[in-house]
2 protein chains.
Amino acid sequence: MDARFIPSKASDNSAACSAVRCGDCRLSGICLPLALESDDIDQLDNIIQRGRPLQRNAHLYREGDPFTSVYAVRAGALKVYHSSDGGREHITGFYLPGEIVGLDGIADNRHGSSAVALETSAICEIPFEALDKLTDRMPKLRRHFLQLMSREISDDRQLVSLLGRNSATERIAVLLLSLSNRSARRHLSATRLRLPMSRGDIGNYLGLTVETVSRTLTRLQRDGIIVVDNREVELCDPQALSDMLAA
Amino acid sequence: MDARFIPSKASDNSAACSAVRCGDCRLSGICLPLALESDDIDQLDNIIQRGRPLQRNAHLYREGDPFTSVYAVRAGALKVYHSSDGGREHITGFYLPGEIVGLDGIADNRHGSSAVALETSAICEIPFEALDKLTDRMPKLRRHFLQLMSREISDDRQLVSLLGRNSATERIAVLLLSLSNRSARRHLSATRLRLPMSRGDIGNYLGLTVETVSRTLTRLQRDGIIVVDNREVELCDPQALSDMLAA
DNA sequence: CGCCTGTTTGACTCGCGTCAATGAAAGTGG
DNA sequence: CCACTTTCATTGACGCGAGTCAAACAGGCG
């Protein structure tokens, strides 16, 4: 396997090495194959195209590209963004290992957004036609896929609420907690995070400026809630973060 | 059919009368049955439960309710909202005739939001298990349903971008244009609209206060772009509204 | 070493939220 | 049918949080 798959600084990219088959991937519990029998997993294995390494800043697909596949992130991280009329990009999500990208392309057979690697990433390509065909005889897979899409809708709506009504501090808190949860889901630390994205990306995603993001992180650190060291963040008091949202 | 189905002031509720079967419904072009053969439509007909009238302010489902069905709006209008920790509600969408509600419930078999009628509405209930079963042998239906969900994701992301970055005026413009498009899709006027929701609902949805919504509408009227009369709105210069978003 | 990108910090500005009051419309009960 | 209440909408005065502008700093890389 190509060594480029594994950025030297990333701590959680071991999946890239071992996962030649879904059944062996340590992300299988949170990715597509969830709840499949082993026979079924083999069939899914057969249609998935692996080993597509993506360098930092390389595009997985671009807005307007014909839609042919959805993609599972095996290692690394992606951001997904829309380019609006003015040419500015709006980030609508970050995708971490075990998560599925590209579901918004089904609507009209073209990708409605662009996906780009935040760091060197390993991706599983899942051709959609084949997947759809497979669901003919695999109701569980079909159901799981629908659930993934439904989850995406729920998540996006959470974000809508967040952006519509919450302060800068609350938005940052939600992002940190989200990254924490997703880290825990991969059996990694829930309190020590490495942010794969820049402050600019965070601001873009949360509808804030770089300056506000920076100031907010500084303030949270001054209040003893987090410790920030460049892109490393430690959540010293996750409860305090949660409490900010209860109000 | 019960006369309560038809609010006297609504101008576009004739579908409620004629649509006893999907094939006869004048919304069939934009609802689920799109792209189905007539045999298939009959089968879909068989699982759909109709004639569920919903009074203003009555709930179609509530957050946390077990998820059993998705719903097509046949007449009237719904709003969908989340209740956040503090007990405040955040509206995440308005649903007009021909649109499908409840897709976010698939993820974990409970509704992740609440849906309530803005005015007396007619609803088609589509039991999800039966629908899913039907898609076994109807790939077109399956595809169309996936497209509906995918569209929902795309739309929500548009909204995310909007709330994250745009001014009050731009948000209002987007909403007006969206309502205009959806009105045109139902072969109604694209320039004369009747808002089914209150100013408060609009503000809640767009992340603005009632006052800001009111002031913004007033200003748009003063600039000759729209004419507002209570809940009736005429778009005098739709191009001007579009132009606001290009920048 | 010097360039470039990303991050932090400070001073100033402004759009929108908040508070408050008034008016219009719709629903309610006698 | 009319008084009363309640809800919704509009308008004004004021303050704050986050955007803007600007400058300095750190780190990575050729």
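In what follows, every chain begins at residue 1, and chains take the letters A, B, ... in the order their sequences are listed.
- Residue B/G207 is classed as a sugar-phosphate contact, given heavy-atom separations below 4.0 Å to backbone atoms only.
- The ring of A/H90 has its center no closer than 6.0 angstrom to the ring center of A/Y81.
- With DNA chain D read from its 5' end, the first of the two nearest nucleotides for B/M197 and A/T169 is the one closest to B/M197.
- D/dT7 atom C1' lies 11 Å from atom CG of B/N57, rounded to whole Å.
- Rounded to whole Å, the distance from CG on B/D201 to P on D/dT7 is 14 Å.
- The residue B/R231 sits close only to the backbone: its heavy atoms come under 4.0 Å of sugar-phosphate atoms, none of a base.
- Around CZ of B/R231, the count of heavy atoms belonging to other residues, nucleotides or ligands within 6.0 Å exceeds 12.
- For the pair A/N204 CG and D/dG19 C1', the computed distance is 15 Å after rounding to whole Å.
- Remark: P of C/dC16 and CG of B/L163 are 13 Å apart, rounded to the nearest angstrom.
- The CD1-C1' distance, from B/I172 to D/dA9, rounds to 13 Å in whole Å.
- In this structure, B/H111 and B/Y61 have parallel ring planes: the angle between them is below the 30° cut-off, well short of the 60° mark.
- Counting only heavy atoms from C-beta outward, the side chains of A/V233 and A/L179 never approach each other to under 4.5 Å.
- The shortest distance between the side-chain N/O atoms of A/T209 and the OP1/OP2 oxygens of D/dG19 is below 4.0 Å.
- In this structure B/D223 satisfies the side-chain contact (heavy atoms from CB on, under 4.5 Å) test together with B/R219, B/I225, sequence neighbours excluded.
- Between B/R192 and B/E234, at least one side-chain N (NZ, or NE/NH1/NH2) sits under 4.0 Å from a carboxylate O, which counts as a salt bridge.
- In this structure, B/R56 atom CZ and D/dT7 atom P are separated by 11 Å, rounded to whole Å.
- When rounded to the nearest whole Å, the span between CG of B/N166 and P of C/dC16 equals 11 Å.
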What are the atom names and distances for every N/O pair under 3.5 Å that joins the protein to nucleotides 10-13 of chain D?
unit_1	atom_1	unit_2	atom_2	d
D/dT10	OP1	B/R199	NH2	3.3
D/dT10	OP2	B/R199	NE	2.9
D/dT10	OP2	B/S214	OG	3.0
D/dT10	O5'	B/S214	OG	3.2
D/dT11	OP2	B/T218	OG1	2.9
D/dG12	N7	B/R215	NH1	2.8
D/dG12	O6	B/R215	NH2	3.4

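- Residue A/L220 contributes atom CG, which lies 16 Å from atom C1' of C/dT9 at whole-angstrom precision.
- Remark: the A/T212 side chain and the A/T209 side chain contain an N/O donor-acceptor pair separated by less than 3.5 Å.
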